[in-house]
J.: 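Below is the structure I would like to discuss, written out as structure tokens.
In listed order, ligands and their atoms are each counted from 1.
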Amino acid sequence: MRIKTIEPIAVSLPMLKPVIMAGEEVRRADNVLVRIESDTGLVGWGEAASAPVMTGETLESIVSAVHYLEQTVRGRDPADIAGALAAMDGRMYGNHGAKAGIEIALHDLTGRATATPVHALLGAKRRSQVALLAVIGGGDVDGDLRDAEKKKSAGFTAFKIKVGIDTPENDAARTRAICKILNGLLISADANQGFSTAEALAYVRAVEGSGLNFFEQPVMADDLAGMTAVAAATKIAIGADEGIHSLDDIAHHHEHKAARGVSLKAIKLGGIRAVVEAGRLCERLGMSVNISCKTGESSVACAAALHAACVIPNIAWALTLTHTALGEDVTAQPVSTANGHVDSLDRPGLGVEVDEDRVRRHRVPIATRNVA
Ligand SMILES: [Mg+2]
């Protein structure tokens, strides 16, 4: 079997409500789906969210990058995913979102061709159910408290509060109020690089003892010294997200005592294989792991993240799926979640069926230049 076509399809999906975080407000989910078809007529799907402030990639740049990478992938055996990744890296530096979209589609296609679920292509399955991390991202105290109460009664056991939006004092007061409701459960805060070191220090001092378990990306991604200073000042575990774009980044954070855990995303690392490898590295280093989709990714990227979450050694900081925040998904049957948990998908490939009518409805035209 050979790869016949690789098509990037930009879509803009409606969100149920905007997600507000430091430096970014997500009102629409602008993602690129990658559709790969084999010469036998089998189709595999991948997805990558545009994430200008996280990966530097926009809808337009992802579509262009997929076109640019097309010639290295077309004609290959889809099952040789390591070969395709090496060929893509040889032709183009970076662009991890575009590469992840293609890599996920190759996993889906290979899984379908061999009647194998994607998790079995990634390694031995270690769990059949994963706890989901519920994001509380409204930014106003009353709304967030209601949201926390509702998600706790729905069965969620892991939570993330978006901070770095208000002053450290106000964010800390909101955090403490939410922690009271969620007492004893896994609670995290995420500043999305929104604090200076001084502000992050003020925040951690004000939330010490509140029950907050970990605090993600308090300062800018490249400010390792700032991360280390915050980590040294608190018992709360510090996590890195925007600062992690490779396995080396994980090792650096560990060496500098800048983080005790990381958030892993396919679009940052270049695919789900790299997510699994990063998960194995974290196990060796004794670091905690959260696997996450970018806000607004559909059931395609969410299924891919779930497969990786089923095989990595530890997922102490839970799995963040984002398709539930969409007003409309690209699959008729979204990845199903219940009681704050998600079960492994054991059908061939990703285990979700893309509805091409939905894709057409949400497609946005991107002008591209053909690359020879
Ligand atoms: Mg984050």
J.: One thing to verify: whether Lys268 and Asp249 come together as a salt bridge, which I'm taking to mean a side-chain N less than 4.0 angstrom from a carboxylate O.
T.: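 Not counted as a salt bridge, because no side-chain N and carboxylate O are separated by less than 4.0 Å.
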J.: Under 4.0 Å between a side-chain nitrogen and a carboxylate oxygen: does that hold for Arg112 and Asp108?
T.: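 Judged by the 4.0 Å cut-off on N to carboxylate O distance, Arg112 and Asp108 do form a salt bridge.
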J.: Donor-acceptor pair, distance only, cut-off 3.5 Å: does the side chain of Asp166 make one with the backbone of Gly164?
T.: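 Side chain of Asp166 to backbone of Gly164: no pair is present.
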J.: I'd like the atom name of the N/O/S atom in Glu216 lying closest to the Mg ion (ligand 1).
T.: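 Distance check against the Mg ion (ligand 1) picks out OE2 in Glu216.
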J.: Should we say atom CD of Gln333 is surrounded by more than 12 heavy atoms from elsewhere, each under 6.0 Å from it?
T.: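 Result for CD/Gln333: open.
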J.: For the Mg ion (ligand 1), find the closest N/O/S atom on Asp190 and give its atom name.
T.: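 Of all N, O or S atoms belonging to Asp190, OD2 is the one nearest the Mg ion (ligand 1).
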J.: Would you mind naming the N, O or S atom of Asp241 nearest to the Mg ion (ligand 1)?
T.: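 Closest to the Mg ion (ligand 1) among those atoms: OD2.
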